[in-house]
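What follows is a short report on a single structure.
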Amino acid sequence: MIRREIQSILKSHLMELGYEYDFVVEIPEEQFGDFSTNIALAGAKYFKKPPREIAKYFVEKFSDRPMFKEVTIAGPGFINFKVSNEFYRDFLIKFMQDPRSIWNFKKRENVLLEYGSANPTGPLTIGHGRQVVIGDVLGNVLRYIGYDVTKEMYLNDAGRQIKLLAKSVWARYNQILGFDEPIPEDGYKGKYVINIAKRVISDHNDRYFKIWNEDVERVFKEYALVEITNMFNSTLEKIGAQFDNVFKESSLIEDGTIREVLTILEQKDLIYEQDGAIWFRTSRFVNDNDKVLIKNDGSYTYFLTDIAYHYRKYKRGFFTAIDIFGSDHHGHLPRMYAAMKALGIPEDFLIFVLHQFVTLKRGNEVVKMSTRAGEFVTLDELIDEVGSDAARYFFAMVDVNTHLNFDLELAKSKTDENPVFYVQYAHARISSLFENAQAKGINFTLLDSIELLESESEMRLIKLISLFDEILEKVAERLSPHYLTDYLEKVASAFHKYYAENKIVDVENVPLSNARLNLAYAVKSVLSEGLTLVGINAPQRM
RNA sequence: GCGGCUGUAGCUCAAUAGGACAGAGCAUCGGACUUCUAAUCCGAGGGUUGUGGGUUCGAGUCCCGCCAGCCGCGCCA
């Protein structure tokens, strides 16, 4: 917020001089001040003057602004700004009066966020967990700062995999009934398959014993789908992921979108037949081979239905579609961009977020996750073991592009090794301050005595609070939630330090107590908002 | 072989679209509870940013080569 203000002041001065070039206003190491800019360094080649001389010009422009305590030139030509205490206190007052208006988030476009999309063929994995949390947190943040967000999960209920699952269930069904039907090659071997088979038995007895045809397949598919969807829902609920919508792949076939897309591509001469299959001319748009849309057995590839899905997203009127995928899908990107181009959809409509994988560790030991053998640790088991708060925090806390090492022992530990507790503890600690104040008969009054706040550590806390909006903007811009958890840890740390050094509730000095409680109240408020956005509890007690 | 991501302190990670002496947490070592929650705080040590070049006032960041790890290169999704 303050940064933006400095930026725009600088920019207007620059334009007065008839120049326009890129410069940054950043938050430097504390010793240099609150904010700093490289405008003089970046401008050297335009002004054709030494940076320090240019800096001097800008510094003078700031000399009469009460917002700053100090504006100085340093090093090769950086300009450092030290914000005045009055300004910080003013900010705090405005924040306490109405945080939403001080952030001034404007209304923005509608966005379709797709994530957690999975083959409904088995329990959600740890990998899905990371994706779901990234998507959920990004969705929360985007919505918070003004986007009209729809969180959507795509259910691949029409492909080969779901057929394989149906067949696997049927095999188990026969096995239970006494016939040794083998599970198909590449079929599903997990325990849940047996559970689904048992359900069919309890409803239909041996009606489909040794009988396999399209009608039977449909029945088993339906049972599998219902069962797996229930499993998904219960896991998603456990981890607090809320979707606005579930979009079924099969609906694209039913409502004619697939046909529509094929027609458009055909009219543009972008598809052709070869070896009994229908191909899309991917190579015309990107550096990739042509891809099959319809297999020679007449069934659709995932690529085709995904094109149709995104065509549908566009037709539904979304300004942007953000897809969150595991990094193993990166080969899917070029062909999707090609398809969007082919359909005349604007290039920036589709944005991909690819997240790296998760390695599960127990201390130093890597926990093996083998999908084939059905031995993987499911997301469900993970949540049961470490709890939803820790699971969410851990999934959100590193850059999406960084391989995540998820240490089960660390996530479970209730000590200072665990960042989740560190942040939550700060919140709980503040809550207890208010109880304590009340017990000691100090009447906390909102906005009272704020002028008594003046120490460095108090200003540092207010400054951190003032950065809340730009952190959220950054999460949205870079599409990675870890900036938020990072910020929360900084706020928590600054508060713990402040708490250790200052007596906040002091019956000997009620006005000062009130001032400090106001500050604590504001800190608690950003912690609580932030934790809520990450989707974890902001406890009153721990 | 081709393509994507990654490589930073013993470990896990940051580094704000090229900026100041590369920062946190954990671990290690040393301190702080008769005082609002010690799930906390303070201090110390710890680095040739995988490697070799290049671009420039300035590179962990950009370009080229090499090495290592993960992933992808299906009429799977």
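For clarity, every value in this text was computed on a predicted model and none was experimentally measured. Residue numbers start from 1 in every chain, and the chains themselves are labelled A, B, ... in the order their sequence lines are given, proteins ahead of strands.
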**Prompt:** How would you label the contact of A:D157 with the nucleic acid (heavy atoms, under 4.0 Å): base, sugar-phosphate, or nothing?
**Reply:** nothing
**Message:** Which residues in residues 296-304 of chain A have a heavy atom closer than 4.0 Å to any atom of RNA chain B?
**Reply:** A:N296, A:T301, A:Y302
Table of protein N/O atoms under 3.5 Å from nucleotides 30-33 of chain B N/O atoms:
none

**Request:** Give every residue pair that meets the salt bridge (Lys or Arg N to Asp or Glu O under 4.0 Å) criterion with at least one member in residues 491-504 of chain A, sequence neighbours excluded.
**Result:** A:K497-A:E501
**Item:** Residues in side chain to side chain donor-acceptor pair (under 3.5 Å) contact with A:S117, at least two apart in sequence or another chain
**Value:** A:E114
**Complete:** Ranking B:rA14, B:rA15, B:rA20 by distance to the side chain of A:Y483, first place goes to B:rA15
**Message:** Going by side chain to side chain donor-acceptor pair (under 3.5 Å), name the residues that satisfy it together with A:Y300, two or more places apart in sequence or in a different chain.
**Reply:** none
**Prompt:** What integer distance in Å separates A:F421:CZ from B:rA38:P?
**Reply:** 17 Å
**Asked** Can you name the side chain to side chain donor-acceptor pair (under 3.5 Å) partners of A:R312, sequence neighbours left out?
**Response** A:T257
**Item:** Partner set under side chain to side chain donor-acceptor pair (under 3.5 Å) for A:N443, not counting sequence neighbours
**Value:** none
What are the atom names and distances for every N/O pair under 3.5 Å that joins the protein to nucleotides 4-11 of chain B?
from	atom 1	to	atom 2	distance (Å)
B:rC5	O2'	A:Q356	NE2	2.9

**Fill in**
Sequence neighbours excluded, the answer for ring-ring contact (aromatic ring centres under 6.0 Å, His included) partners of A:Y425 is A:H496
**Asked** Which range-with-range stems can be found for RNA chain B when each stem has 3 or more Watson-Crick or G-U pairs in a row and both distances sit under 3.5 Å?
**Response** B:1-7 with B:67-73, B:10-13 with B:23-26, B:28-32 with B:40-44, B:50-54 with B:62-66
**Request:** Record whether the side chain of A:S117 comes under 3.5 Å of the base of B:rA77 through a donor-acceptor pair of N or O atoms.
**Result:** no
**Message:** Can you tell me whether the side chain of A:N38 and the base of B:rG19 have a donor-acceptor pair closer than 3.5 Å?
**Reply:** yes
**Qualifying salt bridge (Lys or Arg N to Asp or Glu O under 4.0 Å) pairs with a residue from residues 402-412 of chain A, counting only residues at least two apart or across chains** = A:R362-A:E409, A:E385-A:K412
Side chains of residues 519-527 of chain A: which donor-acceptor pairs under 3.5 Å do they make with residues two or more places apart or in other chains?
from	atom 1	to	atom 2	distance (Å)
A:K524	NZ	A:Q540	OE1	3.4

**Request:** Kindly indicate whether the side chain of A:R3 and the base of B:rU16 share any N or O donor-acceptor pair separated by less than 3.5 Å?
**Result:** yes
